Amino acid sequence: MSRICKHVEALEGYVPGEQPHFPGMVKLNTNENPYPPSPKVGEALAGFDWRSLRLYPDPVFTHVREIIARNVGCAPDQVFVGNGSDEILALFTRAFVEVGGTIGYFEPTYSLYSVLAAIRDARGKALPLNADFTCPTPPADFSDVFVWTNPNAPTSLLAPPEQIAAFAKAYPGVLLVDEAYADFAPADCMALAAAPGNANVLVMRTLSKSFSLAGLRFGYCVGPAPLIAALYKIKDSYNLDALAQLVGAAALSDLPHMRANVAKILATRARLTDALAARGWRVLPSASNFLFAAPPAPAKAADLFAALRDRHVYVRYFPGPTTGDWLRITVGSDPEADRLLAELDALTP
Ligand SMILES: *Cc1c(COP(=O)(O)O)cnc(C)c1O
């Protein structure tokens, strides 16, 4: 007899992108930011009294909520903060999905959602993207809750906020818009989540990508106060540690630094898109900090992925009928893009 819950024994855990770190490697596989976070982060850490770590942190992170509420233009009771947005996703499934219920999402999308459904002992329900990788509008009765990644991963495409707003209006369940990449996009749904009349939309952001803080673990979401209150009810007492509160507050108080880094990445994104297109690649018009790109025949994405890896350039490859011809490539710095292009030129003369 097994000691492990049946649904846990049956589930396949989420496999994050590999995290190798060695000199000379180019890491374009997990959409991290190539530039350091705000110097205000360094100042906050340098001024931090390590002795104060003996005390528990503020359980409801009052200060960071106020900063986020000010940035977003909503009330502090519309803001929840988690230990990475991955924690918020897990809490979301516990707060708004019954055991045996359904969690909707697109296919392909961030592959964590289906794992979270299995962990919750709920049913993941995937809606295939259109053939051009754009998002169809889900039927209103598609699932109990829906997670809409926008811009989507791994496709990098932005769905128009009007499409999402129209779906939310028709949808009786809770819609979570995962906006991990929104700072790299020309439009977003934050106003929809912050609006006083909104009853069912949560918009989630992370400091991992645009704010260069993947190592910190800090994500937040904004939405109607009653839904946000449900997340507070079920969270761990001290889910956001003192250092995350300190560093998160410093980073979120320096939006110009984040925006300057984003501007550099967008310039590199345009350059890399053009350079790949000039080499015959199909590159989707990215609204994020990564490209979804297919090499020209006879090159095979799977072979290029492995060959690049041998040359210490790490990108991401998702096998399967819809994604198997494509690579997901993080937009790093200009020198990283140059190295990628040089290795590709050496591999595909
Ligand atoms: C990176 C990413 C996340 C995870 O963010 P963390 O805050 O680092 O947990 C969530 N959703 C999507 C779509 C992502 O790409």
Side-chain angles (χ1 to χ4, degrees), residues 13-19 27-34 37 61 64 68 79-93 103-117 119 124 126 129 133 135 145-159 164 175-185 188-190 193 202-222 231 235-236 239-241 243-245 247-248 251-252 258 262 265 284 286-292 315-316 318 323 328-332:
Y14 177 71
V15 184
E18 47 185 339
Q19 302 295 354
K27 192 168 181 307
L28 304 175
N29 68 332
T30 51
N31 297 343
E32 289 139 322
N33 198 306
F61 26 86
V64 284
I68 292 166
V79 179
F80 181 80
V81 186
N83 183 34
S85 45
D86 287 352
E87 186 199 18
I88 298 178
L89 287 166
L91 293 172
F92 170 80
T93 64
I103 303 176
Y105 42 80
F106 294 110
E107 172 59 41
T109 194
Y110 187 31
S111 54
L112 178 65
Y113 308 142
S114 57
V115 177
L116 287 172
I119 292 171
L129 294 178
F133 292 113
C135 296
V145 301
F146 197 89
V147 186
W148 191 320
T149 313
N150 200 42
N152 195 15
T155 64
S156 80
L157 295 180
L158 180 75
I164 297 177
L175 167 65
L176 185 142
V177 188
D178 183 345
E179 291 197 337
Y181 301 103
D183 288 322
F184 303 98
D188 62 68
C189 291
M190 193 53 100
L202 297 167
V203 164
M204 186 175 71
R205 298 279 179 92
T206 175
L207 300 197
S208 296
K209 316 291 176 29
S210 55
F211 284 89
S212 314
L213 286 168
L216 185 71
R217 314 310 304 133
F218 188 114
Y220 66 91
C221 75
V222 170
L231 295 173
K235 79 180 186 72
D236 288 346
N239 66 320
L240 200 67
D241 65 70
L243 287 167
Q245 295 191 35
V247 171
L252 287 160
M258 179 276 283
V262 166
I265 290 165
L284 296 192
S286 172
S288 63
N289 68 336
F290 58 90
L291 299 181
F292 197 51
V315 299
R316 198 83 187 263
F318 301 97
T323 53
R328 195 195 71 186
I329 304 168
T330 304
V331 176

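Note that ligands are numbered from 1 as they come in the structure, with each ligand's atoms numbered from 1 the same way. This one's a predicted model, so the numbers in the text were calculated from it and none came from an experiment.
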Nearest protein heavy atom to atom 14 (C) of ligand 1, by residue and atom, and its distance? K209 NZ, 3.0 Å
Of the protein's non-hydrogen atoms, which lies at the shortest distance from atom 12 (C) of ligand 1, and what is that distance? D178 OD2, 3.4 Å
Among protein heavy atoms, which sits nearest to atom 8 (O) of ligand 1, and what does the distance come to when rounded to 0.1 Å? S208 OG, 2.6 Å
Would one find an N or O of Y181, backbone or side chain, under 3.5 Å from an N or O of ligand 1? yes
Distance alone, cut at 3.5 Å: any donor-acceptor contact between the side chains of D86 and Y14? no
Kindly say whether the aromatic ring centers of F218 and F211 come within a distance under 6.0 Å. no
Centroid-to-centroid, F290 to F184, below 6.0 Å? no
Under 3.5 Å side-chain donor-acceptor pair for K209 and T206: no
For ligand 1, note which part of T149 has a heavy atom under 4.0 Å away: side chain, backbone, both or neither. side chain
With heavy atoms under 4.0 Å as the rule, classify the contact between S85 and ligand 1 as side chain, backbone, both or neither. both
Considering only protein heavy atoms, which is closest to atom 7 (O) of ligand 1, and at what distance to one decimal place? T206 OG1, 2.5 Å
Over 60° means perpendicular and under 30° means parallel, so classify the ring planes of Y105 and Y113, tilted if in between. tilted
Could you grab the distance from atom CG of L129 to atom CG of N152, nearest 0.5 Å is fine? 5.5 Å
Determine, using heavy atoms of E87 and all atoms of ligand 1, whether some pair is separated by less than 4.0 Å. no
For ligand 1, is G219 a contact, meaning one of its heavy atoms is under 4.0 Å away? no
Within a distance under 4.0 Å of any heavy atom of G84, pick out the atoms of ligand 1 and give their elements. 7 (O), 9 (O)
Polar side-chain atom of N29 near backbone of E18 as donor-acceptor pair, under 3.5 Å: yes
Counting heavy atoms only, which part of M204 comes closer than 4.0 Å to ligand 1: side chain, backbone, both or neither? neither
Looking at atom 9 (O) of ligand 1, what's its closest protein heavy atom, distance included? R217 NH2, 2.7 Å
Using atom types as modelled and distance alone, determine if a side-chain donor or acceptor of S288 lies under 3.5 Å from a backbone N or O of Y181. no
